[in-house]
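In listed order, ligands and their atoms are each counted from 1. Sequence positions, counted from 1, serve as the residue numbers for this chain. Fair warning: this is a prediction, and the values are worked out from it, not measured in the lab.
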Amino acid sequence: MTTTVVGTTVLIPAERIAQRVQALAGEIARALPAEARAQGLLVIGPLKGSVVFLADLVRALHPHLDHVEMDFLGLSSYGAGTSSSGTVRLDGEPRHPVAGRHVLLVDDIVDSGRTLAFAQAWLRERGVASLRTATLLDKPSRRVVPVPVEHVGFEIEDVFVVGYGTDHAERHRELPYIGVKG
Ligand code: IMP
Ligand code: MG
């Protein structure tokens, strides 16, 4: 593994992420209900961790789908530390109605599962037409709440990662790779 200037060790290099994002986009497009292609796909990410992955994923979806929209949810389950507070708070609704829409929920990482379980329940309660979930990273050993995630980029061990949207106390989201502190 390579040590970088900001004191992180590379766990997943940018090139591997880019390849996986391309493959995931094809996988997601093939799995979508036919109606989602006609109506358009609404890609929704919880702020802020989802932003970098979501931005790359929508561009990778472009060759497969000609109608993709983006929206965001304000959700928080973490304070400044590295362990889940156990509660998820909604602090920002999507700008446009989700009822009747085909939705792809996108996040950076599934840990306890609480954030995505909350987001899935919130979207279903508002009557989405279909819902699939994609995450770049999954830490299956940390799961507390079972949550269906149809598209996973990489399964990782129980390590605290930063980069490519994931943060430690708001630092390192801009790193182009997934790193481990230290
Ligand atoms: P969950 O609700 O416990 O599944 O946590 C999901 C959220 O916690 C993710 O969207 C991340 O924002 C954050 N999170 C979980 N694990 C990590 C990590 O290793 N690094 C940075 N953020 C993490
Ligand atoms: Mg998050």
Does L75 have a non-hydrogen atom less than 4.0 Å from ligand 1?
no

Apply side chain to side chain contact (heavy atoms under 4.5 Å, CB included) to residues L137 and V152 and explain how you reach the verdict.
CA-CA 6 Å; L137 303 172; V152 173; over 6 Å; no

Classify the ring geometry of F160 against H168: parallel below 30°, tilted from 30° to 60°, perpendicular beyond 60°.
perpendicular

Numbered atoms of ligand 1 (with element) below 4.0 Å of V159, judged on heavy atoms:
19 (O)

Indicate whether any N or O donor in one side chain lies under 3.5 Å from an N or O acceptor in the other, for Q39 and H67.
no

Within-4.5 Å side-chain heavy-atom neighbours: R171 and V162:
no

Ligand-side contact atoms (ligand 1) for residue partner G113, heavy atom cut-off under 4.0 Å:
1 (P), 3 (O), 4 (O)

Per-atom contacts of ligand 1 with D108, taking only distances under 4.0 Å to non-hydrogen atoms:
9 (C), 10 (O), 11 (C), 12 (O)

Minimum heavy-atom separation for L105 and P46, please, with both atom names.
CD1-CD, 4.2 Å

Which of the listed options, R173, K139, H172, R142, holds the heavy atom that is closest to atom 19 (O) of ligand 1?
K139

At a 4.0 Å threshold, what atoms of ligand 1 neighbour a non-hydrogen atom of D107?
10 (O)

Could you grab the distance from atom CD1 of I44 to atom CE of M70, nearest 0.5 Å is fine?
12.0 Å

Go through ligand 1 atom by atom and flag the ones less than 4.0 Å from a non-hydrogen atom of S112.
1 (P), 2 (O), 3 (O), 4 (O)

Within a distance under 4.0 Å of any heavy atom of R114, pick out the atoms of ligand 1 and give their elements.
2 (O), 4 (O)

Please check whether V161 reaches ligand 1 - meaning an N/O of the residue sits under 3.5 Å from an N/O of the ligand, judged on distance alone.
yes

Contacting atoms of ligand 1, where contact means under 4.0 angstrom from a heavy atom of T166
21 (C)

Any luck finding a side-chain donor-acceptor pair between E174 and H172 under 3.5 Å?
no

